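Here the structure is a predicted model, which means the values were calculated and not measured.
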Amino acid sequence: MKENLRQSMAWLHTWSGLLVCWVLLLIFAGGTASYYQEEITLWMEPELHGVAAHKAGSVDAADMAVKALQQRAPDAQRWFINLPTERRGAVRIAWTAPPPPEGAPRKRQRLQTALIDPVTGAAMAEPRDTRGGEFIYRLHFDLHYMPPLTARWIVGFCAMFMLVSIISGVITHKRIFKDFFTFRPNKGQRSWLDAHNATAVLALPFHLMITYTGLVTLMFMYMPGAAQVAYKGDRDKFTEEVFPSAGKPAKKPGEAAVMAPLRPMLEQAERRWGGSHAGSITVNHPNHANASISVTRAGGRELSYKQPAMQFDGVNGALLASAGEQLAPPAATHGVMYGLHVARFAEPLLRALFFLSGLAGYAMVATGAILWAVKSRQTQAKALKAGASIGVGTRLVEALNIGAVAGLPIAFACYFWANRLLPVVMEKRAENEIAVFFAAWGAAALLAQVKPDRAMWRLQLAAGAFLFGAIPLLNALTTSSHLGVTLFHGPSAVAWFDITVLALGLLLGYGALRLGRGKVKTNEVKAPAVNPGIGAAS
């Protein structure tokens with residue numbers, strides 16, 4: 001251990017951050033973009049740009065969906081309806097195949113889906129095959145090409161290190177507010193330290209909240225012992241109390257029967273919820289005597305991720321059960337923590353603030369990793385003058401920094417380019433878009449290993465700047481919903497996407513230009529004996 005608490009915390013902060021920083025960059029990038037998951041998906045489905053906005057949770061839209069399902073799948077085992085929201089204009093319906101005959105082998109059921117116009121009820125042409133924003137959302141905790149359980153353990157491990165790094169950084173930093181207003185450009189290590197301090201302090205409450213709540217979302221996986229002891233191994237009882245649902249689906253369909261109209265059920269649910277509208281509907285065993293209809297409230301301005309639900313008899317419309325309106329304190333706390341993390345409650349301005357805070361988190365991790373490499377080079381400056389080569393560890397960190405900090409923007413931009421350039425009829429098109437993402441990121445990371453120097457930083461930042469900055473032009477060349485249209489006639493989400501990626505491209509371009517203004521000598525700034533800033537090593 002070091003001589004005093006601050007030095008010990010500085011050592012802990014440095015290594016707890018450095019060891020996982022490149023995975024944290026991916027988590028921050030994917031999680032930050034996920035605040036606009038719906039908007040990203042809409043941009044990546046240009047076939048839906050002409051869908052008019054409709055009243056969220058509309059009862060009329062639900063009636064249209066039921067009529068469409070009666071025509072398409074009257075014998076289905078289950079119907080699913082996702083009603084329109086302020087961020088999603090179309091109605092998504094889905095259904096499962098009818099159950100197999102008695103004694104026949106059971107096969108894994110696959111959902112069939114369709115889009116319905118919420119105004120006319122007409123079937124809409126399916127958009128191009130894409131995972132859209134869902135891929136980015138799941139990437140930040142499932143890491144895609146690995147078993148989800150393994151990925152979530154890795155992400156949780158990194159989040160734990162992140163939490164340790166934040167707390168130890170606050171303890172280390174005795175001038176946390178004073179240094180927030182200090183930035184000294186062109187000063188080598190000192191400039192990186194100032195940038196790290198500013199981005200860390202700027203959104204410190206957000207960093208603490210997002211890291212802690214991220215762990216809470218998967219707390220039952222990381223720490224299952226308490227639930228097992230409290231419920232004596234009764235997992236069903238645990239699930240019922242912590243994740244309540246309104247009623248249970250019947251196991252057998254029963255005799256044929258006429259379905260009750262859906263409108264009175266939705267109106268009753270909205271009255272009970274104080275005017276809040278429904279977000280999703282599940283119909284178990286439609287057109288049978290034991291049919292049941294579960295209505296779940298749409299996420300609104302409530303902090304909690306858990307939404308109340310009501311279950312009705314599908315034949316006579318009687319209320320069977322309700323859940324989620326009065327949660328036990330532990331379940332309510334978990335719902336709020338989860339809700340804070342995903343921010344579904346956030347209005348546009350607050351969501352933009354979350355997005356900017358996420359970008360600050362990305363910058364905080366990036367500048368911390370770069371700061372370590374800069375300081376390591378400074379400590380080896382004398383050896384370099386004597387003709388020795390840079391240390392293997394320092395060179396590896398510098399290459400990984402380039403591949404993650406500058407390579408990730410390239411990968412995200414290429415994902416959006418692939419959405420527009422891959423043939424619409426391509427088989428497994430969505431997976432090919434994702435393959436382009438990882439191929440671009442892998443190429444950037446491998447290229448950085450060849451020569452991790454200032455020129456490579458400029459090259460990759462410039463590539464990211466071009467790829468992001470040209471996306472609005474690409475959109476204009478491949479669709480009719482370019483900025484000249486969307487700025488005035490909508491959809492506004494598409495316009496804001498184009499503006500955002502253009503701004504990110506300009507930001508990356510500015511970084512490339514700054515790096516092209518001459519090389520800063522590694523011995524210009526003497527490293528302090530005890531680094532007072534967050535991210536410092538003693």
Side-chain angles (χ1 to χ4, degrees), residues 1-2 4-32 34-35 140-141 152-183 192-219 222-223 336-338 340-343 353-373 375 397 401 404-405 408 530-538:
M1 295 295 290
K2 302 300 179 180
N4 57 47
L5 177 63
R6 286 188 62 249
Q7 288 182 321
S8 298
M9 289 297 103
W11 178 88
L12 179 62
H13 176 75
T14 297
W15 291 104
S16 61
L18 181 67
L19 293 176
V20 298
C21 64
W22 303 288
V23 181
L24 287 175
L25 285 169
L26 175 63
I27 295 171
F28 261 108
T32 300
S34 296
Y35 289 126
H140 93 283
F141 61 90
R152 294 178 191 191
W153 271 107
I154 293 173
V155 170
F157 178 82
C158 294
M160 294 173 199
F161 268 61
M162 175 75 175
L163 191 60
V164 170
S165 184
I166 292 174
I167 295 173
S168 58
V170 171
I171 296 172
T172 300
H173 202 320
K174 65 180 180 181
R175 300 184 303 177
I176 188 168
F177 294 108
K178 180 179 178 181
D179 285 349
F180 170 65
F181 297 99
T182 304
F183 181 72
W192 287 114
L193 180 58
D194 288 344
H196 186 63
N197 290 341
T199 53
V201 177
L202 175 67
L204 179 59
F206 172 84
H207 300 326
L208 283 168
M209 180 276 292
I210 207 68
T211 306
Y212 180 73
T213 56
L215 288 168
V216 168
T217 60
L218 297 173
M219 60 183 290
Y222 301 139
M223 301 178 67
V336 169
M337 292 291 182
Y338 200 158
L340 278 171
H341 190 78
V342 298
L353 183 59
F354 269 64
F355 180 77
L356 293 175
S357 298
L359 291 180
Y362 186 91
M364 174 188 67
V365 177
T367 52
I370 295 170
L371 175 62
W372 186 94
K375 184 172 182 180
V397 170
N401 285 346
V405 177
L408 268 174
V530 178
N531 202 324
I534 294 177
S538 57

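Distance CG/L25 to SG/C158: 10.5 Å, rounded to 0.5 Å. Once rounded to the nearest 0.5 Å, the distance linking CG of L26 with OH of Y362 reads 9.0 Å. The distance from atom NE2 of H140 to atom CZ of F28, rounded to the nearest 0.5 Å, is 10.0 Å. One distance of note links CG of L19 with OG1 of T14; it measures 10.5 Å at 0.5 Å rounding. Expressed to the nearest 0.5 Å, how far SG of C21 lies from CG of N401 amounts to 6.0 Å.
In this structure, the side chains of V216 and Y338 stay at 4.5 Å or more apart for every pair of heavy atoms. Counting heavy atoms from C-beta on, the side chains of V397 and W22 come closer than 4.5 Å. When side chains are defined from C-beta on, F161 does not count as touching W15, because their heavy atoms never get closer than 4.5 Å. Taking the side chain as every heavy atom from C-beta outward, T217 and F141 never approach each other to under 4.5 Å.
Remark: the backbone N or O of F354 is not paired with any side-chain donor or acceptor of Y35 at under 3.5 angstrom. A donor-acceptor contact shorter than 3.5 Å is absent between the side chain of T32 and the backbone of A29.
Between G30 and S34, the shortest heavy-atom distance links the atoms O-OG, 2.7 Å. L24 approaches M162 most closely through the heavy-atom pair CD1-SD, 3.7 Å. Contact record, G156 with L215: O-CD2, 3.6 Å, taken as the closest heavy-atom pair.
Within a 6.0 Å radius of CZ in F157, no more than 12 heavy atoms belonging to other residues, nucleotides or ligands are found.
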Going by atom type alone, with no hydrogens or angles, which donor-acceptor pairs under 3.5 Å involve a side-chain atom of residues 201-211 and a protein atom two or more places apart or on another chain?
from : atom 1 : to   : atom 2 : distance (Å)
H207 : NE2    : T199 : O      : 3.3
T211 : OG1    : H207 : O      : 2.7

